[in-house]
Amino acid sequence: LGSTVTTGCILPCVENAVYDMEEKVVVCAVHCLETLLQLSLISSRCLVIDMVRKVSALPLHPSRAIATSATCFLATAAKCLGLVDSYLFLLPEISACLQYQ
């Protein structure tokens, strides 16, 4: 039941909350996504990459709380994807957020 219910019922609600107007709602939604990854309830690589695409611009958000929670989510996604998949799928999605000095 775990990942099936998560992808069918919980994930669509959390996805909508990522685009909410309230800062606290967005922070909680991104934290929820991070927790779902940590609990391996989002186990499909395609779903993880889709979530990364939806959160990838948030590290540039003016709100420090949103930016921090998005960065934590991306770090957790990288751990879940592994080294090769992170370089192949995650890095192109977040390259706009990276700064080189």
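Nothing fancy with the numbering, it's 1 onward along the sequence. Just the heavy atoms: all of them, side chains too, but no hydrogens, waters or symmetry mates, feed the values below.
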query: How would you list all residue pairs meeting salt bridge (Lys or Arg N to Asp or Glu O under 4.0 Å) that involve residues 5-17, not counting sequence neighbours?
result: E15-K54
task: Not counting sequence neighbours, list each pair that qualifies as a salt bridge (Lys or Arg N to Asp or Glu O under 4.0 Å) and has a residue in residues 67-88.
output: R45-D85
field: Test side chain to side chain donor-acceptor pair (under 3.5 Å) applied to T76 - qualifying residues, sequence neighbours left out
entry: E34
task: Look only at the side chain of S95 and the backbone of P92, and say whether a donor-acceptor pair between them is shorter than 3.5 Å.
output: yes
- request: Tell me, please, which residues at least two apart from L60 pass side chain to side chain contact (heavy atoms under 4.5 Å, CB included).
  value: C97
message: Using the side chain to side chain contact (heavy atoms under 4.5 Å, CB included) criterion, which residues pair with R53? Sequence neighbours excluded.
response: I49, E93
Selection residues 56-66 - residue pairs positive for salt bridge (Lys or Arg N to Asp or Glu O under 4.0 Å), sequence neighbours left out: none
- request: With sequence neighbours left out, write down each residue that passes salt bridge (charged side-chain N to carboxylate O under 4.0 Å, His left out) with E23, or none if nothing qualifies.
  value: none
All side chain to side chain contact (heavy atoms under 4.5 Å, CB included) counterparts of A67, not counting sequence neighbours: none
message: Quick one, F73 with L58, criterion side chain to side chain contact (heavy atoms under 4.5 Å, CB included). Give me CA distance, side-chain angles, the key distance, then yes/no.
response: CA-CA 10 Å; F73 168 77; L58 292 179; over 6 Å; no
field: Partner set under side chain to side chain donor-acceptor pair (under 3.5 Å) for D20, not counting sequence neighbours
entry: none
query: Among all residues two or more places apart in sequence or in another chain, which pass the side chain to side chain donor-acceptor pair (under 3.5 Å) test with N16?
result: none
